[in-house]
Amino acid sequence: MRNSKDKTLLLISSGLLSALVATQPVMAATTVATPATKSAAAKLKPIRLSSRATLVNLLKQHKTNRFYSYPIYMVDDAISGATPSSPVNKGSETAVDSTSTVSHSDTNIQVKGVDESDLVKVGDDGYIYQIFNNQIRVVKGFPVLEMTQTAGIDLPKDNFNPSGLFIQNSKLVVMGTSWQNLREPNQPSLLTSKIASPYCCWWGGYSQTRALIYDVSDHANPKLLRDVSVDGDYLDSRRIGDELYFVSRSYPRYYIYGDETATTKPENILPTIIETKAGQTTTRLMSVSNLSYFPDFVEPDYVIVTSVNLENTEKSISTKGYLGAGELVYASLNNLYLSASKYHFGSTGDIIPTENKVTTQIYKFGIDKGAVTFAAAGEVEGTALNQFSMDENGDYFRIATTTQSWYSGSNQSHSSLFVLDKTMQNVGKVENLAKGESIKSVRFMGNRAYIVTFQQVDPLFAIDLTEPTNPFVAGELKIPGYSEYLHPYDENHLIGIGHDAVQNGDSAIPQGLKMALFDVSDMKNPQELYNVKIGDKGTSTELTYNHKALYWDA
């Protein structure tokens, strides 16, 4: 029997189920970094669009490098009618027990109270919901000896690709992407094109982010209550209480035609919303009054934030669109943050930047009971790795980035950590971490941050954030290999999952998987207490790029 104070970590890698075992600790080194200065970000504040004519002018002025460097052609119906495959974020293993109390695992999430979608979800009543092919399995999970499938929900067959689930009380949400085909526009044949380029793009339609909401109170007879589709590629989603928030990135369709005259049609420049409830389907274009643009935007595409109330299915959905790019999503209980990389090009049309500079713009939105309100924006040097590179603590937002620099003929990259206040002004920073290396993983734990970089060895930096305006590196540990995911064991211990490595001249070669337990009780002297190595070179686990692949029973 497992002691109630024990904590168990399980992960699946190349068919092996592994747990942490002991080895010898490694001592650490210490460095200190300099404090930061403030920077203004008022120029990033979005401006409400006044009319469709204003929108058309903006789209024509901001000719994106990605779409306008080369001609765009459609291909024949056989190809344009095909559905492109979309990546699916695989989820955590679901565990159940045979006790009389309905106890179950949850998705490994980043922020307490902010749920994330997963391939498998377990309700508080013990019912298990699983994406399997193009169906949702509804399984009675308790008692374990009576486990049985009570229903199968057939998902739409019209090019719908499910990616994750939410369960809230009796409401099941299926998040995914639909592909909408378009008729082939009148374009010259690719064979007669004067320019042949590997960068040429062929478009046969557009994607929509879709949320299907089911009533599963009758586990044998689930009913579809609501079907919401919003233009754009699915970026991410969160559930806070009864409110579902999802973010999509939409490219105006006039790109597809390679002709600016296509902007005269509203459906080619405004995002579309399709909603079905009570058996009635409505299709509408987003109102210009719900659209804004960032003055400094580069890519002329929309980031759309949509909220849906799961308890009151009659409540109207909320959609806000912003002209500008978006990549990573981080959410706290009260705010949603969206990051976007900005590559500083020498002139419109260049595909190689003449400046050695990439920055990350961060947009902060207040979220409250479904209402989404732009709050502030900031900008920092470098690019973020993933959602764990971002964190909110009180009135402060923290982000870790890597600045790549190969233009001088050698790798001069470095990493940094920035602290921004509630107005998204830079108030503190630690710069020039691990020159020549890039960030492999980040974990924020209250007033501490842990950053792993890698090129030859694995420096684990322990950063003290007690004074937001004066963060500094308190300690550093260098060991072979690198951690690609960091997980808190408790306030003084950290688990790292990644790869071992062996040095080969001026570089290092990744080997098999490695799990390690770090003692960070003394930030000046972090230590590796134990580690376990699994397999040889080529051994992998999904956990290195998807935190939902971890089952953490604490």
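The first residue in the sequence is number 1, and the count goes up from there. Values below: every heavy atom of this structure, side chains too, minus hydrogens, waters and symmetry copies. On a predicted model such as this, the values are computed, not experimentally measured, just so you know.
There is no side-chain donor-acceptor pair under 3.5 Å between His547 and Asn386.
Shown here for Val303 and Val247, the closest heavy-atom pair between the two residues is CG1-CG1, 3.7 Å. Shown here for Thr360 and Ser339, the closest heavy-atom pair between the two residues is CG2-CB, 3.8 Å. Considering all non-hydrogen atoms of both residues, Gly378 and Leu420 come closest at CA-CD2, 4.2 Å. Minimum interatomic distance between Asp301 and Pro252 (heavy atoms only, all atoms of both residues): CA-CD, 3.9 Å. Ile304 and Pro271 get closest at one heavy-atom pair: CD1-CB, 3.6 Å. Residues Ala211 and Met175 come closest through the heavy atom pair CB-SD, 3.7 Å.
Side-chain contact between Val138 and Gln149 is absent, with no heavy-atom pair separated by less than 4.5 Å. Side-chain atoms of Lys140 and Glu146, non-hydrogen and from C-beta on, do get closer than 4.5 Å to each other. Proximity of Val452 to Arg443: side-chain heavy atoms (C-beta onward) are nowhere separated by under 4.5 Å. At least one side-chain heavy atom of Tyr245 sits less than 4.5 Å from a side-chain heavy atom of Val372. In this structure the side chain of Ile153 never reaches within 4.5 angstrom of the side chain of Leu212, judged on heavy atoms. At a threshold of 4.5 Å between non-hydrogen side-chain atoms, the residues Tyr482 and Pro510 count as touching. The side-chain heavy atoms of Gln180 and Ser229, taken from C-beta on, include no pair separated by under 4.5 Å. Between Leu225 and Lys171, some side-chain heavy-atom pair lies under the 4.5 Å cut-off.
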Tell me, with the steps shown, if Asp215 and Ser170 meet side chain to side chain contact (heavy atoms under 4.5 Å, CB included). CA-CA 6 Å; Asp215 180 352; Ser170 62; 4.0 Å; yes

Take Ile497 and Met515 through the side chain to side chain contact (heavy atoms under 4.5 Å, CB included) test and state the conclusion after the steps. CA-CA 5 Å; Ile497 297 97; Met515 295 187 292; 3.9 Å; yes

Would you check, one step at a time, whether the test side chain to side chain contact (heavy atoms under 4.5 Å, CB included) holds for Ser207 with Trp179? CA-CA 4 Å; Ser207 61; Trp179 181 258; 3.9 Å; yes

Might you work through the side chain to side chain contact (heavy atoms under 4.5 Å, CB included) test for Asp115 and Asp106, ending with a clear yes or no? CA-CA 9 Å; Asp115 195 15; Asp106 291 313; over 6 Å; no

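Glu327 places a side-chain N or O within donor-acceptor distance of the main-chain N or O of Ser341, the cut-off being under 3.5 Å. When atom types are taken as modelled, the side chain of Lys548 and the backbone of Thr107 share no donor-acceptor pair closer than 3.5 angstrom. In this structure, the side chain of Arg226 does not engage the main chain of Val308 through any donor-acceptor pair within 3.5 Å. At distances below 3.5 Å, at least one donor-acceptor pair connects side-chain atoms of Thr209 with backbone N or O atoms of Gly232. Under a 3.5 Å cut-off, the side chain of Ser307 and the backbone N or O of Gly370 do form a donor-acceptor pair. The closest donor-acceptor contact from the side chain of His499 to the backbone of Lys537 lies at 3.5 Å or more, if one exists at all. Side chain of Asp124 to backbone of Asn169: no donor-acceptor contact under 3.5 angstrom is found. No donor-acceptor pair under 3.5 Å is formed between the side chain of Lys533 and the backbone N or O of Asp500. The backbone N or O of Thr402 sits nowhere less than 3.5 Å from a side-chain atom of Ser438 that would complete a donor-acceptor pair.
Using bins of under 30°, 30° to 60° and over 60° for the plane-to-plane angle, the ring pair Tyr485/His487 lands in the tilted bin.
In this view, Asp231 and Gln208, Arg253 satisfy the side-chain hydrogen bond (donor to acceptor under 3.5 Å, both in side chains) rule, not counting sequence neighbours. Glu392 pairs by the side-chain contact (heavy atoms from CB on, under 4.5 Å) definition with Tyr330, Ser332, Asn335, Tyr337, not counting sequence neighbours.
Going from atom CD of Glu275 over to atom CG of Asp227 covers 8.5 Å, rounded to the nearest 0.5 Å. For the atom pair CG of Leu323 and OG of Ser292, the computed distance is 9.5 Å after rounding to the nearest 0.5 Å. In this structure, the separation between CG on Leu310 and CG on Leu244 is 5.5 Å, given to the nearest 0.5 Å. Here CG of Leu385 is found 10.0 Å from CE of Met390. Values are rounded to the nearest 0.5 Å. Lys223 contributes atom NZ, which lies 7.5 Å from atom CG of Asp218 (distance to the nearest 0.5 angstrom). Atom CG of residue Leu494 and atom OG of residue Ser441 lie 8.5 Å apart, to the nearest 0.5 angstrom.
Phe166 does not carry Arg239 over the face of its six-membered ring by the limits of under 6.0 Å from the centre and within 45° of the normal.
Taking the six-membered ring for Trp and the full ring otherwise, Phe294 and Tyr363 have centroids separated by under 6.0 Å. Taking the six-membered ring wherever Trp is involved, the centroid distance between the rings of Tyr214 and Tyr129 does not fall below 6.0 Å.
For Arg249 and Asp233, the salt-bridge test fails: no basic side-chain N is under 4.0 Å from an acidic carboxylate O.
Annotation: Glu491, atom CD; neighbour count of heavy atoms from other residues, nucleotides and ligands within 6.0 Å does not exceed 12.
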